[in-house]
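Only one structure is covered here, and it is reproduced in the block below.
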Amino acid sequence: MPRSDYSWIYPSQSDKAGDTGGTTAYRRLYHGIRSAILDGRLHPGERLPASRDLAKSLGISRNTVVTSFDLLTSEGYLETRVGAGSFVARALPDRDMQTGATAKDSHNTATKDRPLPLSQSAQRMLTYQRRFPRFRVARPFNPATPDLDGFPFDLWARLLRRSWRAPDIDLTIPDDPLGLPLLRTEIAKWLRQSRGVNCDTDQVMIVSGAQQALDLAARALVDPDDIIATEDPGYEGIRGVLAASGAVVQPVTVDEDGLDVDGLGKTPSPARIVVTTPSRNYPLGTTLSLARRLSLLQWARDNDAWIVEDDYDSDYRYDGPPLSSLQGLDTDNRVIYVGTFSRVLFPGIRLGYLVLPRALVPAFRGIRGFADGVPAPTTQAALGAFFAEGHFGSHVRKMRMQYGERRAHLMNLITDQASDILSVMPSDGGLHLCARSISDQDDIRMQEELVKAGLDCRALSSYFHRPRPGNEPSPVRGLVLGFAGWKKDVLSESFGELVRTIRRMS
Ligand SMILES: Cc1ncc(COP(=O)(O)O)c(C=O)c1O
C-alpha cells in the first residue's frame with residue numbers, strides 16, 4: 001500500500017541526495033527516488049503514488065513527476081504497469097552492489113553482513129552491466145571476434161621485438177599523454193584518406209580502446225545530471241561508462257535512417273552529448289542518412305552540444321568503399337571522433353584513438369595524464385610501424401574480402417535452411433549480421449538454448465534499452481550472428497546446430 005507522506009523523497013536543494021543549487025525540480029525528484037531505491041527506503045515491487053497525487057503532495061507540477069518517472073523507468077529503477085501505475089523494479093540489476101546490500105563472501109568475516117560502501121558512481125555504472133556468457137575460446141557467432149588466424153602474428157612479433165631492441169626515450173620514458181607521434185601521424189593519414197576525417201597529428205590521442213575514449217569524453221564534458229543521449233538499440237558498454245559520470249543516459253530510437261534526430265528534441269532538457277554510430281549502428285547496422293547527419297550537426301550547433309562519433313568497425317564495408325565520417329561534415333568543431341583497433345585487428349591489442357577538436361586537446365591531454373598516462377609505448381610503436389610499412393592497409397584489404405565471403409555464406413545458409421525462422425536485416429558491413437525472428441520468438445530464451453548448445457548467439461532484444469515504457473517487448477527480436485572469426489565449414493556446421501536447436505524449441 002502506498003505510504004501517505006512522501007516529502008522525504010524530494011530532497012531540498014542543500015540535501016546531499018539531491019544536488020546543489022540550480023538543479024531542476026525533476027532532477028531533484030529523480031535523485032530522491034533513486035537514492036531511496038538504492039538505499040532500501042523504497043522496496044522492490046513497492047507501488048509509488050499516482051503522479052497527480054505525488055505532484056500535489058510535493059507542491060510541484062505533474063509534468064515534473066512524469067518526467068522523473070520516465071527517466072527512472074528508462075534506467076530500470078521503476079516499472080510501469082498499464083492501468084496500475086509505477087512500481088519500484090523487482091529485479092534491479094546487480095542488487096548485491098547497492099548500498100544496504102550485504103557482501104556475499106561468507107569467508108570474509110570483515111565484510112560479511114556489512115553494506116558495501118560503493119560510490120553512487122559505481123552503483124550507477126553497475127546498473128548497466130549485462131552478462132553475456134563468456135567462453136574461454138571464442139565460439140561461433142560471437143559478434144566481436146575477428147579472424148585471429150588471419151592476423152600476421154609473426155610479423156607483429158618482429159615489430160614488437162624491433163621496438164624493444166633499440167628503445168628510444170619516447171618508449172622508455174613516454175612524456176606525452178597524447179601518445180607516440182609516429183602512430184598518431186599514421187592514424188591521421190589513414191583517417192583522412194579512408195574516412196574523410198578532417199584531422200592532423202596534433203588532434204589524435206591514443207587510448208586503450210573506444211571504451212576509454214568515451215570515459216575520457218564523459219569526464220571532460222559532462223556534469224552530474226547532464227543528459228547524454230545514446231542510441232537505442234546500442235552497445236551496452238557505452239551506457240555504463242557514461243552513467244558513471246552521474247549523467248542521465250537518455251535512449252533515443254534508431255530506425256532505418258539511423259538515430260532519430262527529432263527524438264533529441266524530446267529529452268527533458270537538451271542533451272550535452274550525443275553518442276552515435278553514424279556509419280553503422282551497433283548492432284542493427286543501419287547508417288545515418290545524409291539528411292539526418294546535417295540535422296544532427298545543426299541540432300548540436302543550436303543546443304551547444306557535443307557529438308561523439310563512435311566509428312568502431314567501419315573499415316569492413318562489403319558493398320562499397322568505407323563511408324565518410326560525420327566529423328568530415330562538421331564545420332563547427334563539435335564532433336569528437338572515436339575509433340578502435342579491437343575489431344579491425346584483434347581485441348587484445350587494447351588500442352584506440354580520439355580525434356579531438358583542437359580547442360579540446362589541452363584539457364584532454366591534462367585529464368589523460370591523471371587517468372593512466374599512456375598505453376604501452378612499445379605496442380604503439382609496433383602499430384605505428386605496421387601502418388608505415390603498409391601492413392595495415394593490406395590486412396584490411398585481405399580481411400575485407402574474406403569476411404565478405406563468410407558473410408555471404410552465412411546469408412545463404414539462412415536463406416537455404418531457415419527462411420521460415422529468420423530473416424536477414426539489411427546492413428552493409430561489420431563483423432556480424434542481424435537476423436530477425438520471423439515468428440517474433442522470445443529471443444532471450446533462444447539465446448539461452450543456443451548457449452547450451454555451445455553457440456555464442458546474442459538476443460537482439462538485449463541491445464535495447466530496458467525496460468521499455470509499459471514493459472513493452474523490444475521492437476525487434478532475433479539474433480546477432482558474428483561471422484568473421486570462423487571458416488565457412490565451421491559456420492555451416494554451427495548454423496546446422498543453431499537451426500536444430502531453434503526448431504526443437506517450437
Ligand atoms: C559500438 C562499440 N563501441 C565501442 C566498443 C568498445 O571498443 P573497445 O574494445 O575499443 O573498448 C565496442 C566494442 O565491441 C562497440 O561495439
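Counting starts at 1 for both ligands and their atoms, in listed order.
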Identify whether the distance between the nearest side-chain nitrogen and carboxylate oxygen of Arg343 and Asp315 falls below 4.0 Å. no

Under the ring-ring contact (aromatic ring centres under 6.0 Å, His included) test, which residues partner Tyr353, sequence neighbours left out? Phe341

Do any nitrogen or oxygen atoms of ligand 1 lie under 3.5 Å from a protein nitrogen or oxygen, and which ones?
{"unit_1": "ligand 1", "atom_1": "3 (N)", "unit_2": "Asp310", "atom_2": "OD2", "d": "2.6"}
{"unit_1": "ligand 1", "atom_1": "9 (O)", "unit_2": "Ser342", "atom_2": "OG", "d": "2.7"}
{"unit_1": "ligand 1", "atom_1": "9 (O)", "unit_2": "Arg350", "atom_2": "NH1", "d": "2.9"}
{"unit_1": "ligand 1", "atom_1": "10 (O)", "unit_2": "Ala210", "atom_2": "N", "d": "2.7"}
{"unit_1": "ligand 1", "atom_1": "10 (O)", "unit_2": "Thr340", "atom_2": "OG1", "d": "2.5"}
{"unit_1": "ligand 1", "atom_1": "10 (O)", "unit_2": "Ser342", "atom_2": "OG", "d": "3.2"}
{"unit_1": "ligand 1", "atom_1": "11 (O)", "unit_2": "Ala210", "atom_2": "N", "d": "3.3"}
{"unit_1": "ligand 1", "atom_1": "11 (O)", "unit_2": "Gln211", "atom_2": "N", "d": "3.0"}
{"unit_1": "ligand 1", "atom_1": "11 (O)", "unit_2": "Arg350", "atom_2": "NH2", "d": "3.1"}
{"unit_1": "ligand 1", "atom_1": "14 (O)", "unit_2": "Arg343", "atom_2": "NH2", "d": "2.6"}
{"unit_1": "ligand 1", "atom_1": "16 (O)", "unit_2": "Arg343", "atom_2": "NH2", "d": "2.8"}

What residues, two or more places apart in sequence or in another chain, satisfy salt bridge (Lys or Arg N to Asp or Glu O under 4.0 Å) together with Asp149? Lys487

Using side chain to side chain contact (heavy atoms under 4.5 Å, CB included) as the criterion, list what pairs up with Ile367, not counting sequence neighbours. Leu216, Arg219, Ala220

Do Thr378 and Ser163 meet the criterion of a side-chain donor-acceptor pair at a distance under 3.5 Å? no

Testing the basics here: between Val335 and Asp330, what is the closest heavy-atom pair and its distance to 0.1 Å? N-OD2, 2.9 Å

